[in-house]
Amino acid sequence: MPEKIYIQWFRQDLRLADNPALSHAAESGSVIPVYILDQVHGGDHRPGGASRWWLHHSLKALDESLQGNLNVFQGDPKQILQSLLEKHRASGIFWNRCYESWSRNRDASIKQFFKEKGVEAESFNGSLLWEPMEVLKSDDTPYRVFTPFFRNACLNAPPPREPLPVPKNLSLLKSELSESVESLGLLPKVPWDRKIEPHWRVSEKGGQEKMLEFFEKGLMHYKESRNFPAKSYVSRLSPYLHQGQISSNQAWYGGLDKHSGKNLDHFLSQLGWMEFSYSLLYHFPDLPTKNLHRRFDAFPWNDDPKRLELWKKGLTGYPIVDAGMRELWQTGYIHNRVRMIVGSFLVKNLLLHWKHGERWFWDCLVDADLANNSASWQWVAGCGADAAPYFRIFNPVSQGLKFDPDGAYTKHYLPELKKLPGKYLFSPWEAPAEVLKDAGIRLGTDYPHPVVPLKESREKALEAFSMLPKTKSS
DNA sequence: TGAAATGTTGGGGCG
DNA sequence: ACGCCCCAACATTTC
């Protein structure tokens, strides 16, 4: 009797190691590994430009590690899976769970559809340490504050799955129905990806290397040094985690194996913040579009496309903000400290709605992740869970002086300011004419004047926030 | 995972 | 020696 055939449906788990669905499929029979670019669900939050670039290379790498047996499709997953199933007489289909509301609806419908046809359809937890449906307060409502979520609930729950090995003796099948990765058209038409390409090695192996490098060189300095964007003490694992080239479980246990103490605790709690974001997205499916604290619905946001454009291009006249926005454009990534600074600036100095920041990050970040991106923007704006209070407005001058003290980060992305002395690097408008001249800078020509005045814009924001209704509701 | 305004303290200069 | 002022250096509170 021939071996049974199963479909492994890859989604945000583009790896062979620690992949519960794949391991299960491999133990059950021959495997048809499948990726489907879903063109039906997701709406505005289908992968943005940078994510599509990442996805392209992810799929190429995955195909390679499957010896060219990855089957690639685009369209409606249910139809595609159905025709594959019929064509190859597969006995079942396995996948690791996603948590966006449309994914959950789609997957539930697919599962029901196949089960009714007598086909095995089973999903697994492949990407979270603790799944949202398991982490609730004692009254069965979701947590809205990080610390009790992580300390009391997660850390007291049963420990996460230990990473699984790459399945042995994978018996892979390639379907003649498969398209090529190229046919998905994930690469940009204008080749802007050349500038971000050198910064990343997009593959499961690249993720493993990045993780090991972080454990060897970064983690022991993590608590103190992760705030300094010129230093390489952050993990830069977020894009790999988003697309599933590495799993949180690998990062969690990898860290625990090699380290202990406060540096490790801070790294684990960063993984905890991702869990928290996923929990929020799961329990509050409107998180990407609606203020979690609804009293912010009345906020008098500015409508100012010109200022938004200056922010996007890194032309606000505030060097630490502009450096961050150019890092984003040039590398598809921003250091976390600088994300908070540029976010605070957009929302609190320019008074532009956080959704504009969310959209731009969604398109530009290689780690664009619905849960993390929307939870973080709401956090920055003050309307999110456990959010930065509205009055916490970052001063881009003092933040620059504090976290980029020698200016290395800022000067790297703003070479036009290379000769400006450190004292004025973060506030060039305050530099005496002589100093500017010596540095070869004509304000307004070589580098912009500040788009808004710092003090007044801060005061405006505080006033606007103070006008909001005080009612606490969600 | 702020910043600015306001309050407090203590040392030194000076009449 | 003493009071007074100035002000840096913290500490507290307010937004």
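Lettering follows sequence order; numbering is per chain, from 1.
- For the ring-ring contact (aromatic ring centres under 6.0 Å, His included) test, residues two or more places apart in sequence or in another chain that qualify with A/Y318 are A/F345, A/W429.
- Contacts between residues 365-388 of chain A and DNA chain B, defined by a heavy-atom separation below 4.0 Å, involve no residue at all.
- In this view, A/F228 and A/F403 satisfy the ring-ring contact (aromatic ring centres under 6.0 Å, His included) rule, not counting sequence neighbours.
- A/W53 has its ring centre less than 6.0 Å from the ring centre of A/H57.
- With sequence neighbours excluded, the residues that form a side chain to side chain contact (heavy atoms under 4.5 Å, CB included) with A/H221 are A/S225, A/Y233.
- The side-chain hydrogen bond (donor to acceptor under 3.5 Å, both in side chains) analysis of residues 260-269 of chain A, with sequence neighbours excluded, yields no pairs.
- Residues satisfying the salt bridge (charged side-chain N to carboxylate O under 4.0 Å, His left out) test with A/E309, not counting sequence neighbours, are A/K313.
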Report each atom pair, protein N/O against N/O of nucleotides 11-15 of chain C, whose distance is under 3.5 angstrom.
none

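- The footprint of chain A on DNA chain B, defined by a heavy-atom cutoff below 4.0 Å, extends from B/dT1 to B/dA4.
- Within the nucleic acid shown, A/E459 has no heavy atom closer than 4.0 Å to any nucleic acid atom.
- In this view, A/A21 and A/Q8, A/N19, A/F94, A/N96, A/F124 satisfy the side chain to side chain contact (heavy atoms under 4.5 Å, CB included) rule, not counting sequence neighbours.
- Applying the side chain to side chain contact (heavy atoms under 4.5 Å, CB included) test to A/S376 and every residue at least two apart in sequence or in another chain returns nothing.
- Annotation: ring-ring contact (aromatic ring centres under 6.0 Å, His included) contacts of A/F214 (sequence neighbours excluded): A/Y222, A/F267.
- Checked against side chain to side chain contact (heavy atoms under 4.5 Å, CB included), A/K205 has the following partners two or more places apart in sequence or in another chain: A/R201, A/S203, A/E209.
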